[in-house]
Amino acid sequence: MLLAIDTSAGTSVAVVDRDGGVLSEVIETDTMRHAEVIGTLIEEALTASGVEVRALSGVVAGMGPGPFTGLRVGIAAAKAFAIGAGKPLVPVVSHDAVAYDWYAEGNSGPVIVVTDARRRERYWTAYSGADGFGLPVRLDGPGLAKPDELPHPDLSRIDAQVVPAGRLGMLAELRYANGLPMDADEALYLRSPDVTLSAGPKRVTA
């Protein structure tokens, strides 16, 4: 069983089981309250699932793409929980969960997943379809672009408001069950944070 956490768009937390599927999933769509709600959602997801922390096999972290401030909340929470529980961290690209959800619902063919990157920009990842295991196959991306400059305009498009942690967790379960690699433990911000580095101490004059 896995605890899955994603804050690349809204905040989503789930507990999943390879055989039982999604045991619980709680979502907050507000993209400005990740830090305020993450702890409560983790507690609610665990309580609703009836799963004890010691029964978990690992913690799945949505690695983005996502805005710096929001995305790092989920990754930090997942890493802290994994360390505290003595469980491995399982990194997964967030857009893969959206595409996996789309294919799992019976859709087929190429698709592009789009999420809000703020600053009047969009994150995107294109997929060519699902493989023999039902997992989405990345065609291009993840990338960052202005809304009118998004690539692959011919593809079906999914504008996701939240990444479903339940699908994120089940995707990780499916990869593990079939001996497939997980993603890199690297946050996909795709741009620099809103921070200006200091040029050194300022001179104070009378």
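- Cluster membership check: Val137 does not share its hydrophobic cluster with Met182, using side-chain heavy-atom separations under 4.5 Å among Ile, Leu, Val, Met, Phe, Trp and Tyr.
- Here the side chain of Lys87 pairs no donor or acceptor atom with the backbone of Ala55 at under 3.5 angstrom.
- Glu186 CD: 12 or fewer foreign heavy atoms inside a 6.0 Å radius.
- At least one donor-acceptor pair under 3.5 Å links the side chain of Glu28 to the backbone N or O of Asp30.
- At a threshold of 4.0 Å, the pair Lys79-Asp185 counts as salt-bridged, since one of the basic side-chain nitrogens sits closer than that to a carboxylate oxygen.
- Using modelled atom types, one side-chain atom of Ser49 and one backbone atom of Ala45 make a donor-acceptor pair closer than 3.5 Å.
- The closest side-chain heavy-atom distance from Leu2 to Glu173 is below 4.5 Å.
- For residues 65-77, there are no side-chain hydrogen bond (donor to acceptor under 3.5 Å, both in side chains) pairs, not counting sequence neighbours.
- When atom types are taken as modelled, the side chain of Ser94 and the backbone of Gly64 share a donor-acceptor pair closer than 3.5 angstrom.
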Full working for side chain to side chain contact (heavy atoms under 4.5 Å, CB included) between Glu25 and Leu168: CA-CA 11 Å; Glu25 183 176 57; Leu168 193 80; over 6 Å; no

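- By the criterion of side-chain heavy atoms lying less than 4.5 angstrom apart, applied directly or through intervening Ile, Leu, Val, Met, Phe, Trp or Tyr residues, Val60 is grouped together with Leu174 in one hydrophobic cluster.
- The line from OG1 of Thr125 to CG of Asp140 is 8.5 Å long, rounded to the nearest 0.5 Å.
- Judged by distance alone, with hydrogens and angles left aside, the side-chain atoms of Tyr123 form a donor-acceptor pair with the main-chain N or O of Gly66 at under 3.5 Å.
- Closest approach of Leu71 to Gly62, counting heavy atoms only: CD1-O, 3.5 Å.
- The heavy-atom pair separating Asp101 from Pro164 by the smallest distance is CB-CG, 4.5 Å.
- Listed here is the closest heavy atom pair of Leu188 and Pro142: CD1-CG, 4.0 Å.
- Partner of Arg122 under the side chain to side chain contact (heavy atoms under 4.5 Å, CB included) criterion, chosen from Asp148, Asp116, Thr115: Asp116.
- In this structure, the side chain of Tyr127 engages the main chain of Asp96 through a donor-acceptor pair within 3.5 Å.
- Summarising the geometry of Ala9 relative to Val162, their closest heavy-atom pair is CB-CA, 3.9 Å, with the distance given to 0.1 Å.
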Criterion side chain to side chain contact (heavy atoms under 4.5 Å, CB included) on Leu150 and Arg157, from CA distance to verdict: CA-CA 11 Å; Leu150 285 168; Arg157 175 171 164 173; 3.5 Å; yes

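- Leu155 and Trp124 fall within a single hydrophobic cluster, where Ile, Leu, Val, Met, Phe, Trp and Tyr side chains are chained together by heavy-atom contacts under 4.5 Å.
- Tracing side-chain contacts under 4.5 Å through hydrophobic residues (I, L, V, M, F, W, Y), one never reaches Leu89 starting from Val93; they form parts of separate clusters.
- The hydrophobic cluster around Phe81 extends to Met1, Leu3, Ile5, Val13, Val15, Leu23, Val26, Val37, Ile38, Leu41, Ile42, Leu46, Val51, Val53, Leu56, Val59, Val73, counting ILVMFWY residues whose side-chain heavy atoms fall within less than 4.5 Å of a member.
- Remark: the backbone N or O of Trp102 is paired with a side-chain donor or acceptor of Asn107 at under 3.5 angstrom.
- Salt bridge status for Glu105 with Arg167: present, with a side-chain N to carboxylate O gap under 4.0 Å.
- A pairwise comparison of heavy atoms in Ala184 and Met63 identifies O-CG, 4.1 Å as the closest pair.
- Of the possible polar contacts, none joining the Ser12 side chain to the Asp6 backbone as a donor-acceptor pair under 3.5 Å is found.
- Partners of Ala130 according to the side-chain contact (heavy atoms from CB on, under 4.5 Å) rule, which considers only residues two or more places apart in sequence or in another chain, are Tyr103.
- Nearest heavy atom pair, residue Val92 against residue Ala172, reads CG2-CB, 4.2 Å.
- Here the CG atom belonging to Asp154 is positioned 8.0 Å from the NE2 atom belonging to His152, to the nearest 0.5 angstrom.
- The distance from the CD1 atom of Ile112 to the CG atom of Leu139 is 9.0 Å, given to the nearest 0.5 Å.
- In this structure, CD on Glu149 lies 10.0 Å from CG on Leu144, to the nearest 0.5 angstrom.
- Taking 4.0 Å as the cut-off between side-chain N and carboxylate O, Glu121 and Arg119 do not count as a salt-bridged pair.
- Atom CG of Leu135 sits about 11.0 Å away from atom CE of Met170, to the nearest 0.5 Å.
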